[in-house]
Amino acid sequence: MSEKGILYLVATPIGNLEDITLRALKVLNEVDMIAAEDTRHTLKLLNHFNIKKPLVSYYEHNKKLRGNYLVEQLEAGRNIALVSDAGTPGISDPGEDLVRLAIENNIKVTMVPGPVAAIAGLVLSGLPSGRFVFEGFLPVNKRARKERIASLVNEVRTMVFYEAPHKLVDTLKDLYKFLGDRQIVLARELTKKFEEIVRCTLSEALEHYSENSPRGEYVLIVKGKDEQELVDRERQKWEDISLEKHVEMYMSQGMSKKEAIKKAASDRGLSSREVYKSLLER
Ligand code: SAM
């Protein structure tokens, strides 16, 4: 039986064609066929680099049928490159389904890494990048969208979203409503001539973009909840009950006095010694 082909996930530029990697060019030149989200868009890229290859479309509405066809081709020993409209295939595009299908069919999948709009926006934002959460596009359905944002209220990591210009103002409104006046960075047209990074608060962004219509592709980077604020809020909850009642509450739940003091101390951000001392003084 002939050997199976390899599926190459090839990242392409997110705007500036000079961001193509040498390996991406080599692989695109060597594979048997290229599967692309938008063949017209990819054809421009291929023409620019003088690459001539059979192109097939692979996008949201044909991904099931076309996915099976691509797997058949891979099974027959053909090497295929998957590219998205921009950036890394599999990030907010149907690429992830093809990867899963290939893995299920024991086909080797490998990666030619390159640009990702989310990562470029995050590192340019100046917001903490040590821990972050990628949220992609928010759901279109109103309810699902609100639930998604509501689930992020206590998220302490920096949050990264994708957004199209015509939905930007609505998204800013929803983010402001649920998350409050957080810091936000709007990274637009990254790597392109009109690249723009706006660093402000959600209310400032809302005011600005309600008056000036947004243009271009956006990555939104929103600061996570202040961890100290969360701790303070948790501690504030205990301010209304006395220390004695607090310790008694845990003892009535079956804890020993020592355990109850330890737990109450931790709730209030105190040491067990401090709690002992203050209970004795009272
Ligand atoms: N796979 C891509 C990646 O790796 O970033 C993302 C594909 S997703 C369908 C397209 C979204 O990515 C856009 O709506 C926008 O939010 C973001 N995006 C893509 N290119 C961008 C750019 N040059 N500047 C800012 N955002 C960009």
Side-chain angles (χ1 to χ4, degrees), residues 7-21 23-24 27-28 34-42 44-45 48 57-63 66 81-100 109-127 129 132-140 145 148-149 152 158-172 174-175 184-200 205 208-209 212-222:
L7 175 64
Y8 292 87
L9 310 175
V10 181
T12 55
I14 54 170
N16 190 325
L17 291 181
E18 288 180 5
D19 291 335
I20 192 90
T21 66
R23 194 161 156 246
V27 168
L28 292 174
I34 299 173
E37 216 183 337
D38 180 338
T39 49
R40 279 171 310 174
H41 184 97
T42 300
K44 281 189 208 153
L45 178 87
H48 183 86
S57 67
Y58 177 78
Y59 59 96
E60 194 55 40
H61 300 292
N62 75 354
K63 66 181 183 189
R66 199 42 67 79
L82 175 71
V83 301
S84 72
D85 275 2
T88 295
I91 299 295
S92 292
D93 67 37
E96 67 172 279
D97 295 277
L98 187 60
V99 173
R100 199 176 313 118
V109 186
T110 187
M111 176 87 210
V112 181
V116 186
I119 299 296
L122 172 71
V123 294
L124 282 171
S125 71
L127 294 177
S129 56
F132 65 92
V133 37
F134 175 63
E135 286 290 325
F137 292 100
L138 284 166
V140 183
R145 181 184 170 83
R148 177 75 55 84
I149 306 178
L152 294 170
T158 300
M159 293 164 270
V160 184
F161 302 88
Y162 281 163
E163 197 47 284
H166 62 283
K167 294 202 215 119
L168 182 72
V169 172
D170 280 343
T171 293
L172 292 174
D174 288 341
L175 289 174
I184 181 171
V185 177
L186 301 100
R188 182 176 85 97
E189 301 284 86
L190 290 165
T191 75
K192 301 187 196 174
K193 191 172 170 195
F194 297 108
E195 174 176 289
E196 181 186 62
I197 319 283
V198 175
R199 300 176 178 89
C200 57
H208 177 78
Y209 290 103
N212 308 280
S213 38
R215 265 192 260 160
E217 304 287 326
Y218 287 84
V219 181
L220 309 177
I221 307 98
V222 180

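Read the numbers this way: they start at 1 and go in the same order the structure lists the ligands and their atoms.
Heavy-atom proximity to atom 7 (C) of ligand 1, evaluated over I91, L220, V160, is greatest for I91. Considering Y162, F134, F161 only, the shortest heavy-atom separation from atom 12 (O) of ligand 1 involves Y162.
Taking every non-hydrogen atom of A187 and a distance limit under 4.0 Å, the qualifying atoms of ligand 1 come out as 25 (C). Atoms of ligand 1 found under 4.0 Å from any heavy atom of G87 (numbered from 1 in listed order, with element): 3 (C), 4 (O). Near D93, the atoms of ligand 1 lying under 4.0 angstrom from a non-hydrogen atom of the residue are 1 (N). Each of the following atoms of ligand 1 lies closer than 4.0 Å to a heavy atom of V219: 25 (C), 26 (N). Atoms of ligand 1 lying under 4.0 Å from any heavy atom of E189, numbered from 1 in the order shown and given with element: 23 (N), 24 (N), 25 (C). Contact atoms of ligand 1 toward E163: 16 (O) (distance under 4.0 Å to a heavy atom of the residue).
Closest to atom 16 (O) of ligand 1, if we only count protein heavy atoms, is Y218 O, 2.6 Å. What sits closest to atom 2 (C) of ligand 1 on the protein, heavy atoms only, is A86 O, 3.0 Å. In terms of protein heavy atoms, atom 4 (O) of ligand 1 is closest to T88 N, 2.8 Å. With hydrogens left out, the protein atom closest to atom 22 (C) of ligand 1 is L190 N, 3.5 Å, a heavy atom. Ranking protein heavy atoms by distance to atom 18 (N) of ligand 1, first place goes to A117 CB, 3.5 Å. Summary of contacts: the protein heavy atom closest to atom 9 (C) of ligand 1 is S92 O, 3.2 Å. Nearest protein heavy-atom neighbour of atom 13 (C) of ligand 1: E217 OE1, 2.7 Å.
A donor-acceptor contact under 3.5 angstrom links the side chains of N62 and S57, judged on distance only.
Aromatic rings from F134 and Y162 are positioned such that their centres are separated by under 6.0 Å.
Geometrically, ligand 1 and T191 share no nitrogen or oxygen pair separated by less than 3.5 Å. Looking at ligand 1, you won't find any N or O of K192 less than 3.5 Å from one of its N or O atoms. By the 3.5 Å distance cut-off applied to N or O atoms, I14 is counted among the residues near ligand 1.
Here the side chains of P113 and T21 are not in contact, with every heavy-atom distance at 4.5 Å or above. Between D97 and Y58, the closest side-chain pair of non-hydrogen atoms falls below 4.5 Å.
Residue-environment remark: CZ (F132) stays at or below the threshold of 12 foreign heavy atoms within 6.0 Å.
With a 4.0 Å cut-off on non-hydrogen atoms, F137 touches ligand 1 through its side chain and not its backbone. If you look at E195 next to ligand 1, there are no close heavy atoms at all, none under 4.0 Å.
Partners of Y59 according to the ring pair (Phe, Tyr, Trp, His ring centres under 6.0 Å) rule, which considers only residues two or more places apart in sequence or in another chain, do not exist here.
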